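Take a look at the structure set out below.
FYI, the numbering just counts along the sequence from 1. Since this is a predicted model, take the numbers as computed values, not measurements.
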Amino acid sequence: MDDPILTIDERSAINSGRWFSSLSPSLRHDILRCAYVKRYKDGDLIAARGDPPEEWIACAKGAVRVSSTSISGKQITLTYVEPGIWFGDVAIFDGDRRTHDAYAHGDTTVLGVAKADFRKILAQHVELYEAMLRLHARRIRQLYGLVEDLNTLPLRARLAKQLLHLMRSYGIPSLAHGDEIRIGLQLAQEELAQLLGASRQRVNQELKAMEREDIIRIEPGGLVVRDRDALMHIVDTDH
């Protein structure tokens, strides 16, 4: 059964989101006032491709895996929505059906705002129009950046960049080793490979090389970043 109230950590994740925190207090209040909480287990379907857009969604805990299905029927992961990020608004704006599937990755909590409430808030807060334009502009910049990286950076640099992003979003400092940071989002190498547009075998080779260089450590439960500066150096120099 869904718990209708966010935990302190979940509320903090929403309120500290870069985009959401830039909104005025009255707008944030009106959004949260009509938002409802949904909790999902790992692998649960949150939204399906072809669904009509009924709600605007934010991740409050865990991750939302956005995927599509290839012609052969294979599921391909496109991105992971992290806590504090809002999504699903494009379909509300253009009125078209959802273009991708969204699944819970691990135990996941999301906030939902019904389409009717979203439109009411838009009518009451002109500020939200400009804020949505900023949000969409940022997404376009990120998309162009991903396309540029895919066409200009070697896999090693793209992997280092992705690990730095995952570390910022899901990093858990090690109590035993102060400089080490565990990536809390558990990804199979196949899932990491899909994010990078590469084969699992090539990604595995690059991870093993980074492990030999003491940059990361591969553990059964996930990845540990041992040398953040080395990852940044790879991004800056491997062109």
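Of all the heavy atoms in Y40 and A104, the pair that sits closest is CB-CB, 3.6 Å. Between A35 and L111, the shortest heavy-atom distance links the atoms CB-CD2, 4.0 Å. Between P53 and K115, the shortest heavy-atom contact is O-CD, 3.3 Å. Contact between P83 and A13 at its shortest, heavy atoms only, is CB-CB, 3.9 Å. Nearest approach of D42 to G106, heavy atoms of both residues: OD1-N, 2.7 Å. Heavy atoms only, all atoms of each residue included: A47 and R98 are closest at CB-CD, 3.9 Å.
No more than 12 heavy-atom neighbours from other residues, nucleotides or ligands sit within 6.0 angstrom of CD1 on I8. Enclosure of atom CZ in R202 is not indicated, since only 12 or fewer non-hydrogen atoms of other residues, nucleotides or ligands lie within 6.0 angstrom. Summarising the local packing, CD of Q201 is surrounded by more than 12 heavy atoms from other residues, nucleotides or ligands at distances under 6.0 Å. Counting non-hydrogen atoms of other residues, nucleotides and ligands closer than 6.0 Å to CZ of R49 gives a total of 12 or fewer. When the shell of 6.0 Å around CG of D107 is examined, it contains more than 12 heavy atoms from other residues, nucleotides or ligands.
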After noting the C-alpha distance and the side-chain angles of L187 and L166, does the key distance pass the side-chain contact (heavy atoms from CB on, under 4.5 Å) rule?
CA-CA 10 Å; L187 295 180; L166 291 170; 3.9 Å; yes
Walk me through whether L164 and K161 qualify under side-chain contact (heavy atoms from CB on, under 4.5 Å).
CA-CA 5 Å; L164 285 168; K161 206 168 184 178; 5.6 Å; no
Before giving the answer on side-chain contact (heavy atoms from CB on, under 4.5 Å), spell out for H125 and I31 the whole-Å C-alpha distance, their side-chain angles and the decisive distance to 0.1 Å.
CA-CA 10 Å; H125 294 269; I31 291 172; over 6 Å; no
Show, in sequence, the C-alpha distance, side-chain angles and deciding distance for L163 and I215, and conclude whether the side-chain contact (heavy atoms from CB on, under 4.5 Å) test is met.
CA-CA 11 Å; L163 292 177; I215 298 172; over 6 Å; no
Any chance you could lay out the side-chain hydrogen bond (donor to acceptor under 3.5 Å, both in side chains) test for H136 and D89, step after step, and finish with the verdict?
CA-CA 10 Å; H136 291 169; D89 41 86; 2.6 Å; yes
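Among T152, L153, L195, the one residue that satisfies the side chain to side chain contact (heavy atoms under 4.5 Å, CB included) test with R158 is L153. Tested against F20 for a side chain to side chain contact (heavy atoms under 4.5 Å, CB included), the candidates I14, L27, L135 yield a single pass: I14.
For an aromatic pair to be called close, the ring centres must be under 6.0 Å apart, and Y129 with F93 fails this.
How far OH of Y80 is from SG of C59: 12.5 Å, rounded to the nearest 0.5 Å. One distance of note links CD of Q205 with OG of S199; it measures 7.0 Å at 0.5 Å rounding. In this structure, CD1 in I76 is found 11.5 Å from CG in D101, a value given to the nearest 0.5 Å. M167 contributes atom CE, which lies 14.0 Å from atom CG of L185 (distance to the nearest 0.5 angstrom). Between the CG atom in N204 and the CD atom in Q189 there is a gap of 4.5 Å [rounded to 0.5 Å]. One distance of note links CG of L231 with CG of L159; it measures 8.0 Å at 0.5 Å rounding.
Hydrophobic cluster membership is shared by M232 and I181, with clusters built from Ile, Leu, Val, Met, Phe, Trp and Tyr side chains linked at under 4.5 angstrom. Connection of L155 to I218 is established within a shared hydrophobic cluster, with ILVMFWY side chains joined at heavy-atom distances below 4.5 Å, either directly or through further cluster members. Residues L146 and L192 do not share a hydrophobic cluster, clusters being chains of Ile/Leu/Val/Met/Phe/Trp/Tyr side chains in contact below 4.5 Å. V81 and L45 are assigned to two separate hydrophobic clusters, defined by single-linkage of ILVMFWY side chains at heavy-atom distances under 4.5 Å. Hydrophobic clustering (ILVMFWY, side-chain heavy atoms < 4.5 Å, transitive): Y103 and V37 are in distinct clusters.
R97 places a side-chain N or O within 3.5 Å of a backbone atom of G50 that can act as its donor or acceptor partner. Not one N or O on the side chain of Y170 forms a donor-acceptor pair closer than 3.5 Å with the backbone of H165. E82 contributes no side-chain N or O that, together with a main-chain N or O of S169, makes up a donor-acceptor pair within less than 3.5 Å. No donor-acceptor pair closer than 3.5 Å links the side chain of Q162 to the backbone N or O of L196. For the pair E10 (side chain) and K61 (backbone), a donor-acceptor distance under 3.5 Å is absent. One N or O on the side chain of T108 and one on the backbone of A63 form a donor-acceptor pair closer than 3.5 Å. The backbone N or O of V113 lies less than 3.5 Å from no partner atom in the side chain of D117, so there is not a single donor-acceptor pair. Proximity of a side-chain donor or acceptor of N15 to a complementary backbone N or O of R11 within less than 3.5 Å is detected. Within the 3.5 Å criterion, the main-chain N or O of Q186 finds a donor-acceptor partner in the side chain of H105. R217 contributes no side-chain N or O that, together with a main-chain N or O of V224, makes up a donor-acceptor pair within less than 3.5 Å.
Between K120 and C34 there is no side-chain heavy-atom pair separated by less than 4.5 Å. Put simply, the side chain of K38 does not reach to within 4.5 Å of the side chain of I57, judged on heavy atoms. Between L128 and F118, some side-chain heavy-atom pair lies under the 4.5 Å cut-off. With a 4.5 Å cut-off on side-chain heavy atoms, R141 and R138 do not count as touching.
Salt-bridge annotation for R156 and E213: present, with a side-chain N of the basic residue lying under 4.0 Å from a carboxylate O of the acidic one. Ion pairing between R226 and D214 holds under the 4.0 Å rule for side-chain N and carboxylate O.
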